[in-house]
Number of protein chains: 2
Amino acid sequence: MNDEIRRSMPLFPIGIVKSLTDLSARQIRYYEEHGLINPARSEGNRRQFSFNDVDRLLEIKSLIEKGVNLAGIKQVLSMKEVPENREVEQSKVEEIHNELSEKELRRMLQQELFNAGRHGKSSLRQGELSRFFH
Amino acid sequence: MNDEIRRSMPLFPIGIVKSLTDLSARQIRYYEEHGLINPARSEGNRRQFSFNDVDRLLEIKSLIEKGVNLAGIKQVLSMKEVPENREVEQSKVEEIHNELSEKELRRMLQQELFNAGRHGKSSLRQGELSRFFH
DNA sequence: CAACGGATGTGAGGAAATATAACATGAAAT
DNA sequence: ATTTCATGTTATATTTCCTCACATCCGTTG
């Protein structure tokens, strides 16, 4: 449900994404420039990548390594887009983004994560936050 | 298994952690100064927080809100440390950190994430990377 | 072959995020 | 009334990231 929200939560700076994907900053920015990814931005205009973004970049990298060019990748990725409830999800996200300010959204997510982590947990070993990224 | 590795992978800058935990940067740094957390550092000396770190901060925050002071929190947290295979886990992590350079470790993790995400996956919806953070 | 466009590297210049350190402050403890 | 704890605030330095421009390599095409 809010899985999509969690997965699209802006978390990582480009430096981390670089090491996670082994792509250069130049490449990442270039792919964004050509619409393959669409990371969020901080107030100060810095890119903030979500899990979805990183997933997508790994997918892109894999295709690049197979010799697929950007146009081809664009095709492949667009085909992977869920055919069902596409507009539904889309509108849901937009709804949230329009009705709530960025700050409010962030706070909401944080609250959700926090509360969920609060109960039914006895050992730190089990973890709190990370449980909600699966 | 490598769960602990994933959970302790340095990912977030302090700004994100602030919004995730609703703690001030001052607080976060203060808690580190007093040994409650121990985030990794980038080459350029910036703090890099893992899921474990964020979990811990949420735990700390919860205790703070209950009126527990730092000494008390230190106690509580130390008690949560797994009594079993403590040294085992510890030594395992240290082993990795000693035998492999930071860069190699990072690359290894990235590889693992990447490869695991590569197979048995047909829809982007399912996600690749995020599956490995649970 | 020469020219062109796609994909990436590199460097300049500037802005944002973070680091440490020092001092300020309110509340709690002594 | 002091002292200590936990946090805020401000100043200054560094690192990371931004955009933009130009260079380079390479495959495709006229």
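The sequence lines fix the lettering, A, B, ..., with proteins before strands; numbering per chain opens at 1.
Closest approach to the B/Ile14 side chain among D/dG8, C/dT10, C/dT18 is made by C/dT18 (side chain taken as heavy atoms from C-beta onward). Out of C/dT18, C/dA22, D/dT19, the shortest distance to the side chain of A/Asn45 is found at D/dT19. Which of D/dT7, C/dA17, C/dT8 sits closest to the side chain of B/Gln27 comes down to D/dT7. Distances from the side chain of B/Asn69 to the nucleotides C/dA17, D/dT19, D/dA6 place D/dA6 closest. In the set D/dC18, C/dA19, C/dA7, the nucleotide with an atom closest to the side chain of A/Arg29 is D/dC18.
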Close N or O pairs between protein and nucleotides 25-30 of chain C (under 3.5 Å):
none

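Between the CD1 atom of B/Ile28 and the P atom of D/dA6 there is a distance of 16 Å, given to the nearest Å. For the pair B/Ile16 CD1 and D/dC17 C1', the computed distance is 14 Å after rounding to whole Å. Atom CD1 of A/Ile60 is separated from atom C1' of C/dT8 by 15 Å (rounded to the nearest Å). Summarising the geometry, the separation between NZ on A/Lys74 and C1' on C/dA7 is reported as 13 Å, rounded to the nearest angstrom. Separating the CZ atom of A/Arg26 from the P atom of C/dG11 is a distance of 14 Å, rounded to the nearest angstrom. Rounded to whole angstrom, the span from the CD atom of B/Glu43 across to the P atom of C/dA19 amounts to 16 Å. Taking atom NZ of A/Lys18 as the reference point, atom P of D/dT16 lies 9 Å away to the nearest angstrom. Nucleotide D/dC5 holds its C1' atom 10 Å from the CD1 atom of B/Ile64, rounded to whole Å.
A donor N or O paired with an acceptor N or O is found under 3.5 Å between the base of C/dA17 and the side-chain atoms of B/Arg46.
Contact record, A/Thr21 with A/Lys61: O-CD, 3.3 Å, taken as the closest heavy-atom pair. Residues A/Val17 and A/Val54 share a closest heavy-atom pair of CG2-CG2, 4.2 Å.
Atom CD1 of residue A/Ile60 and atom CD1 of residue A/Ile73 lie 6.0 Å apart, to the nearest 0.5 angstrom. With rounding to the nearest 0.5 angstrom, the CG atom of B/Leu58 is 7.5 Å from the CG atom of B/Leu23. The line from CD of B/Glu59 to CG of B/Leu36 is 11.5 Å long, rounded to the nearest 0.5 Å.
Residues passing the salt bridge (charged side-chain N to carboxylate O under 4.0 Å, His left out) test with A/Arg47 are A/Glu32, sequence neighbours excluded.
The phosphate of D/dT7 has neither OP1 nor OP2 within less than 4.0 Å of any side-chain N or O from B/Tyr30. At least one side-chain nitrogen or oxygen of A/Tyr31 sits closer than 4.0 Å to the OP1 or OP2 atom of C/dT8.
Annotation: of the two residues near DNA chain C, A/Ala25 and B/Arg47, the 5′-most nearest-nucleotide partner is A/Ala25.
Taking the six-membered ring where tryptophan is involved, the planes of B/Phe51 and A/Phe51 are essentially parallel, since the angle between them stays under 30° and well short of 60°.
The closest side-chain donor-acceptor pair between A/Glu4 and A/Asn52 falls under 3.5 angstrom.
If you check residues 32-42 of chain A against DNA chain C, the residues with a heavy atom closer than 4.0 Å are A/Ser42, listed by number.
Between the side chain of A/Glu65 and the backbone N or O of A/Ser62, no donor-acceptor pair lies under 3.5 Å.
Inter-residue side-chain proximity for A/Ile64 and A/Val68 is flagged as unmet; no heavy-atom pair is nearer than 4.5 Å.
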